[in-house]
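Remember, it's 1-based here, ligands and their atoms both numbered in the order they're listed. For the single chain, residues carry numbers from 1 onward in sequence order.
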Amino acid sequence: MRKNSPSTARRQALRQLPSVDRLLAAPAVQSLDLSLSHDIQVDLARGVLDSARSSIRAGEAVPTLEALARHLQRAAVNEFLPSLRSVINATGVILHTNLGRAPLSRAAIQAMASVSAGYTNLEFDLDAGTRGSRYAHLVASLTDLTGAEDALAVNNNAAAIFLVLSALAVGKEVIISRGEAVEIGGGFRIPDVLRQSGARLVEVGTTNRTYVEDYLRAITPTTAAILRVHTSNFRVVGFTHEPELGSLVAQARQRDVPVLYDLGSGSLLDTAAYGLHREPTVQETVAAGCAVVSFSGDKLLGGPQGGLIVGRSDRIAVLKQHPLARALRLDKTTIAGLEATLTHYRKQEALTHLPVWQMIAADTKRLKRRARAWQRTLAAAHATSLTATVVSGVSAIGGGALPGETLPTWVLRLTSTAHSPDWLADHLRSGSPPIVARIEDDAAILDPRTVLPEQDKAVAHALTTLAT
Ligand SMILES: *Cc1c(COP(=O)(O)O)cnc(C)c1O
């Protein structure tokens, strides 16, 4: 047998690795204070030694005890890293569905934490000392803000539509414009939901033009409702017509047919005041006479996930009594978060207190200053391989709200002579907290609009790590 063959050297190197017990007893490990049970420490140590063995077999040197201790510490941190984590959204897409849509206001966060910590009057009437209703908590805020007679909140807007159709249209016909029989996203298609709820879909008009008469002609004795759907994730432009809501409602009412409206985002504020396309507000839709209107809690409303339903009290009463309402009901933390969010609107402070609206209304000069500050931190880090420039760009609303609508912004544009834009984005995403950037024109782009101001330091720090 040849002495000092590579395999012999490797076998000798492998033998230099400590045993699990020796590794755990080493001073470098003892000083870590892993605060984990012995069994878990043994598992993690085995994993660390296994990967050390693989790297030695791949020709690497034997790691020191200190290096193994560092690997063990990292393994301990990673082992219990939650799957759902905070990330920094530098994409410039405000209602990013993949990143959890609306960030919440301080008051909403506080309200959710406060009701989580102990018991609440969730289904308890404090005045009478008797059983109360979980559905009662959001009614006053929602009716006050929208002008509707009654309200009900469920898990999300998809659930709201399902409940509305199941309760009000099962076994009957629902008339919908061809241009509005849409897929909302994630495979949620209005025709499928209608079918699932037991209602029969009657499509009228054409993709681009539908008139009041089209709806009226389709009314039969088995018509349960007319459904309008806000086509929130695309826009048909050009030769189009959709009937004016007020006149549709008025003429349908003469035939005793209620109009239901899935508003999608459902803004309570006038989006046109912020340089955006005009969305019908919830208040206007209620005022036009719709029997039931539903919208999301976590889109332009700026609260936690929820499906808010407002409308006529006779219809809402039917919804509350339907078995699905129980299956789709909200938990106490969401009710608390939604109520705190709605309170901002009632106090007329939504624009200054709700992150979604602060981002929409953000001053472009201030955005430019923040992007410049990131750029300066990078310049101070002497990252010679990196080029960072502050250039004008566009932010998006996202979340299927205001399709194609953008807001002018200033972004940090990053390129590197050493790495691809994808590498830069991957590196930022693997940090703690992860930062999600976007790739555009062969560069990694970071938009300050969707970065919370208190996250600016973390972004600046992460940028300096790209230099090494
Ligand atoms: C987003 C959207 C929905 C779904 O709302 P979720 O709260 O995400 O369930 C339904 N309808 C329209 C028109 C939408 O834009």
Asker: If the cut-off is 4.0 Å to any non-hydrogen atom of Ala158, which atoms of ligand 1 fall inside it?
Answerer: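 Under 4.0 Å from Ala158, ligand 1 has these atoms: 4 (C), 5 (O), 6 (P), 9 (O).
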Asker: Report the part of Gln305 in contact with ligand 1, treating N, CA, C, O as backbone and CB onward as side chain, heavy atoms under 4.0 Å; options are side chain, backbone, both, neither.
Answerer: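 No part of Gln305 is near ligand 1 at this cut-off.
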Asker: Just by modelled atom types, is the Ala75 backbone N or O under 3.5 Å from a matching donor or acceptor in the Asn78 side chain?
Answerer: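 Absent.
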Asker: Are any of the N/O atoms on Val229, whether in the backbone or the side chain, positioned under 3.5 angstrom from an N/O atom of ligand 1?
Answerer: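 No, no N or O pair falls under 3.5 Å.
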Asker: Regarding Thr334 and Asp331, do their side chains bring together a donor and an acceptor under 3.5 Å, going by distance alone?
Answerer: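 There is such a pair between these side chains.
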Asker: May I ask which of His230, Glu180, Lys299 has a heavy atom nearer to atom 14 (C) of ligand 1 than the others do?
Answerer: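 It is Lys299 that holds the nearest heavy atom.
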Asker: Please identify each residue that fulfils side-chain contact (heavy atoms from CB on, under 4.5 Å) with Tyr274, with sequence neighbours left out.
Answerer: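 So Tyr274 forms a side-chain contact (heavy atoms from CB on, under 4.5 Å) with Leu351, Trp357, Ile360, Ala361.
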Asker: With heavy atoms only and a cut-off of under 4.0 Å, state how Ile161 meets ligand 1: side chain, backbone, both or neither.
Answerer: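 Ile161 to ligand 1: side-chain contact only, backbone stays beyond 4.0 Å.
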Asker: Determine which pairs satisfy ring pair (Phe, Tyr, Trp, His ring centres under 6.0 Å) with at least one residue from residues 290-349, sequence neighbours left out, and list them in order.
Answerer: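 Every pair satisfying ring pair (Phe, Tyr, Trp, His ring centres under 6.0 Å) with a residue in residues 290-349: His344-His353.
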Asker: Got an N/O contact under 3.5 Å between Asp262 and ligand 1?
Answerer: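 Such a contact does occur with ligand 1.
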Asker: Polar contacts were defined as any N/O atom of the residue lying under 3.5 Å from an N/O atom of the ligand; does this apply to Asp298 and ligand 1?
Answerer: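 No: no nitrogen or oxygen of Asp298 is under 3.5 Å from one in ligand 1.
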Asker: Looking at Ile445, is its backbone amide N or carbonyl O close enough to the side chain of Arg438 to form a donor-acceptor pair, meaning the two atoms are under 3.5 Å apart?
Answerer: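 No, because the side chain of Arg438 does not come within donor-acceptor range (under 3.5 Å) of the backbone of Ile445.
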Asker: Does at least one non-hydrogen atom of Arg101 fall below 4.0 angstrom from an atom of ligand 1?
Answerer: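 So Arg101 counts as touching ligand 1.
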Asker: Quick one, Tyr215 and Leu248 - any side-chain contact, counting heavy atoms below 4.5 Å?
Answerer: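 The answer is yes, as the side chains (C-beta and beyond) meet within the 4.5 Å cut-off.
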Asker: Against heavy atoms of Ser296, which atoms of ligand 1 measure under 4.0 Å?
Answerer: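 Those atoms are 5 (O), 6 (P), 7 (O).
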Asker: Mark yes when over 12 heavy atoms from residues, nucleotides or ligands other than Phe80 sit less than 6.0 Å from its CZ; otherwise mark no.
Answerer: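 Yes.
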